[in-house]
**Q** 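Below you will find the structure I want to go over with you.
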Amino acid sequence: MAKLICLLLSLVAMEIDFLAELNEPQRLAVTQTQGPVMIIAGPGSGKTRVLTYRIAYLIKMGVDPFKILSLTFTNKAAQEMRERISQVVGSEARNLFMGTFHSVFARILRIEAEKLGYPRNFTIYDTDDAKSLLKSIIKEEGLNDKLYKPANIFYRISSAKNSLIGPAAYANNVDFISDDESAGRPKTAELYAKYANRCFLAGAMDFDDLLFKMHELLVKFPEVLYKYQHKFSHLLIDEFQDTNSAQYDIVQRLSAVHENVCVVGDDAQSIYAFRGATIQNILNFERDYPDLRVFKLEQNYRSTEFIVNAANQIIKNNSNQIAKTIWTEKNDGEKIKIFKTASESDEGRLIANLIFEQKMRNHWLNQDFAILYRTNSQSRALEEALRKLNIPYRIYGGTSFYQRKEVKDFIAYMRVISNPKDEEALKRIINYPARGISDNTVNTIIVKAQEKECSLWEICENPEITQLPGRALSSIYAFVMLVKSFRAELKEKDAYQMAMEIGRKTGLVEDLYKDKTVEGLGRYENIQELLNGVKDYTTQESQEYEEDEVQPESDLAAYLQQISLLTDMDNNKEGSNEKVKLMTVHAAKGLEFPSVFVVGMEENLFPSAMSMSSREDIEEERRLFYVAITRAKEKLTISYALTRYKFGQMNYQDPSRFIEEIGVDNAEYFGKTAKVEPKIESNWGNKWDENRGNSIFDKPLNENKTPLTKLNVPPLKKVATVQKSHVVISTDLKDLKEGVMVLHEKFDKGTVTMMEGVGENKIATILFDDFGQKKIMLKFAKLKIIEI
DNA sequence: ACGAGGGGGGTTTTT
DNA sequence: CCCCCCTCGT
């Protein structure tokens, strides 16, 4: 009785808590626990809070956490949500089934794999593995690898899988086939079939297979479908606008019995169409669930008024959207600052200075800042500038830790030991470290495996049938023995012990240890880090789940599956909490920062040149910009550069069309001219012709091959006199080795003198000011003196 | 078997 | 420019 009262009291207390913290639509979205629910949630509208409370509420209402499946976009989001829920409901939160689509399905597939003919410890091929396999298939088929590029074929296969089209269906699919034919790649369907078969023989699934095979599992095995339909009584899907048709199909199937499915999304923030995501899912959802309750969260708690206004201004240029108006009560903010800079490095310096200044003025910390860009390669110039001001930063995304060569090699050993059929891993290590198995031998094994329709490993176990010479055979025997000796220990050892064993027996760690070069040291440290990671994983797993029904999964296969789905975002590196964060806009989805910098707002960069062929493309880029600016809570700074290097070639840039869309009332403009011009006059080159005194640019660039370090001073040539209101784009002498371009306003007056002949493939230029003191050196040929 | 050096190709975003 | 791949030399 007392217990019941307690429960009631806590329910009441909780209800009050919820009511206090949630606004009306949020509260409705939380408490509508039965039946299909769709929450359209604008940026900063408390979407995560609603999801968190909804799950907590479900648990408090007596739903078993084991029966709740919550699919998020990143593992980190899941982890954070789990923590927040456990603050409300306690340790029960641990039993929630939470994670990304990919990781949750991988977990289920691990349990059910054998039904599909896969081993339980199947490997997950990452994109590199997949492309490498495709590359060898293309080669084996004797196809022209200029025409059949692995990346391209991979993309085709990926799109097919995301539309639930298997190899057989692909071969009969009019759209796919006609596209391939007109692209001159009629063999694509065949390659798809071969690829799928090879993956199967290798006991491997790629990322898309995790969805595709999950779907197959539910379709082919009604008892499995039944099992999971009843296991999960409540489904929650975050970032629904970024799900693809395969994901939607699976969600529909899983929720078909109870229809307790809650999707949360924002059509205006859909930015993953390129990997099959479709807003159509949101529209279909209304069609497929007539009883659907829809809630719109339109109040933004994150950003100040100017930012929200600008966001609304921008998104209204898109034709395709669900009507909603985001509003905020925070009306005391400052305007968005828009900076025009001369070059990429100038932009970097500006941002670094602004961060420095804002830190001082507002007593903000490094972690309050984020710099967002369209492409990963843009981080370089920013890094340089931040480093010069000693501002600690951390880059998210880009080449992940697990993709480094030495790490991949080490992991390949673990993969082969866990699943010897894993072809890609086997190929990596079969002769690494060198053990006398040549490329030719490996090719013979591949051919034989093809012939026998089996994995490479099975050939290695019986290498006699290849009729290879005795020397090669004995090398293979030795290799097989090595792997088998590891496998024998698999049962009694956890992942960490196995990893240590591998490091010792293969000599991998020792080899790296011996290498005392800087790179070698780095590689050694990476392996150490990897081993630490394995250790953390094993201890964590066994501790956390000790008293629970959940099985500890600290074995090698589980570890491997987990890391292959880990993103850089999930990686909480030491000290990254005190750093400025650099990432692509895509990676910033779902995050927020007090001060946000959106850099490189130039036409052909953002929007990307690759995404301007259709209205849909442009609209996705616009949504991406919308996502970018709505990350900012208080300060938003946008910048663009007038020049940018691309393949070592300097190009003049136009400001992004999106800058205009912000609206002049929401922004202040800074830079060389006071106002942002919608179009920059393209007369950059003309003035030059008038001013230049000779034609050093006409000479072939690679005429002089003196290395940069041997800096001689050839005779000077007077080229031009800079007049007032001219701008010289040049390079600081100290920046020479990095080739950083700067805009020098100081050169209001002065003589520009140039010389040629320094640096490989480059023409260097030296500028003197009138006082003959400051020397500024140009590394690049394309000096321009322009009038503003 | 490995490295240096030439040649060619790429230019988006990611689970 | 940068990175990958191929070749050729040791």
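Convention: sequence-line order gives letters A, B, ...; per-chain numbering from 1. Note that these values count all heavy atoms, side chains included, but never hydrogens, waters or copies made by symmetry. Quick caveat: nothing in here was measured; it's all calculated off a predicted structure.
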**Q** Does any non-hydrogen side-chain atom of A/F207 lie less than 4.5 Å from one of A/D126?
**A** yes
**Q** When all nucleic acid strands are considered with a 4.0 Å heavy-atom cut-off, which category describes A/S611: base, sugar-phosphate, or nothing?
**A** base
**Q** Can you tell me the distance, in whole Å, between the NZ atom of A/K146 and the P atom of B/dG10?
**A**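 In whole Å, B/dG10 P and A/K146 NZ are 9 Å from each other.
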**Q** Report the distance from atom CD of A/Q561 to atom P of B/dT15, rounded to the nearest whole Å.
**A**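 Taking atom P of B/dT15 as the reference, CD of A/Q561 is at 17 Å.
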**Q** Check every strand shown and say whether A/S103 touches a base, only sugar-phosphate, or nothing at a heavy-atom separation below 4.0 Å.
**A** nothing
**Q** Which residue lies toward the 5' end of DNA chain B, A/D439 or A/E621, if each is placed at its nearest nucleotide?
**A** A/D439
**Q** Tell me: CG of A/L566 to P of B/dT14, nearest whole Å?
**A** 15 Å
**Q** Among the candidates B/dT14, B/dT12, B/dT15, find the nucleotide nearest to the side-chain atoms of A/F274.
**A**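 Side chain of A/F274 sits closest to B/dT14.
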**Q** When all nucleic acid strands are considered with a 4.0 Å heavy-atom cut-off, which category describes A/S608: base, sugar-phosphate, or nothing?
**A**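 The residue A/S608 makes base contact.
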**Q** Start at the 5' end of DNA chain B and walk down; is the nucleotide closest to A/A434 or to A/H586 reached first?
**A** A/A434
**Q** What's the verdict on ring-ring contact (aromatic ring centres under 6.0 Å, His included) for A/Y272 and A/F73, showing C-alpha distance, side-chain angles and the deciding distance?
**A** CA-CA 11 Å; A/Y272 280 97; A/F73 199 72; 5.1 Å; yes
**Q** Tell me what A/F101 touches on the nucleic acid: a base, only sugar-phosphate, or nothing, going by heavy atoms under 4.0 Å.
**A** nothing
**Q** At under 4.0 Å, does any side-chain N or O of A/K135 touch on OP1 or OP2 of C/dC5?
**A**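 Answer is yes, contact under 4.0 Å.
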**Q** Which value, rounded to the nearest 0.5 Å, describes the distance between A/L147 atom CG and A/I153 atom CD1?
**A** 8.0 Å
**Q** In whole Å, what is the span from the CG atom of A/D209 to the P atom of B/dT14?
**A** 21 Å
**Q** In whole Å, I'd like the distance from the CD atom of A/E239 to the P atom of B/dT14.
**A**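 In whole Å, B/dT14 P lies 15 Å from A/E239 CD.
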**Q** Within 45° of the axis and under 6.0 Å from the centre of the six-membered ring of A/F401, does NZ or CZ of A/R404 qualify?
**A** no
**Q** Which nucleotide, C/dC2, B/dT14, B/dT12, lies nearest any side-chain atom of A/R380?
**A** C/dC2
**Q** Verify the distance criterion only: is there a donor paired with an acceptor across the side chains of A/Y393 and A/E383 at less than 3.5 Å?
**A**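 Judged by distance alone, the side chains do pair up.
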**Q** I want to check one thing: is the phosphate of B/dG10, taken as OP1 and OP2, less than 4.0 Å away from some side-chain N or O of A/K149?
**A**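 So the side chain of A/K149 is within the cut-off, an N or O lying under 4.0 Å from OP1 or OP2 of B/dG10.
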**Q** Taking the six-membered ring of A/Y432 as reference, does the cationic atom of A/K405 (NZ for Lys, CZ for Arg) lie under 6.0 Å from its centre and within 45° of its axis?
**A** yes
**Q** Within the pair A/N376 and B/dT12, is there a side-chain N or O less than 4.0 Å away from OP1 or OP2?
**A**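 No.
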**Q** Rounding to a whole Å, what distance do you find between A/F240:CZ and B/dT15:P?
**A** 20 Å
**Q** Round to a whole Å and report the spacing from NZ of A/K131 to P of C/dC3.
**A**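 One finds 16 Å between P of C/dC3 and NZ of A/K131, rounded.
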**Q** Give the rounded distance in Å between these two atoms: CD1 of A/I271 and C1' of B/dT14.
**A** 10 Å
**Q** If you only use heavy atoms from C-beta on, which nucleotide in B/dT13, B/dT15, B/dA1 is closest to the side chain of A/N431?
**A** B/dA1
**Q** If you compare every side-chain N and O of A/T584 against the phosphate oxygens of B/dT14 (OP1, OP2), does one of them come in below 4.0 Å?
**A**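 Yes, within the criterion.
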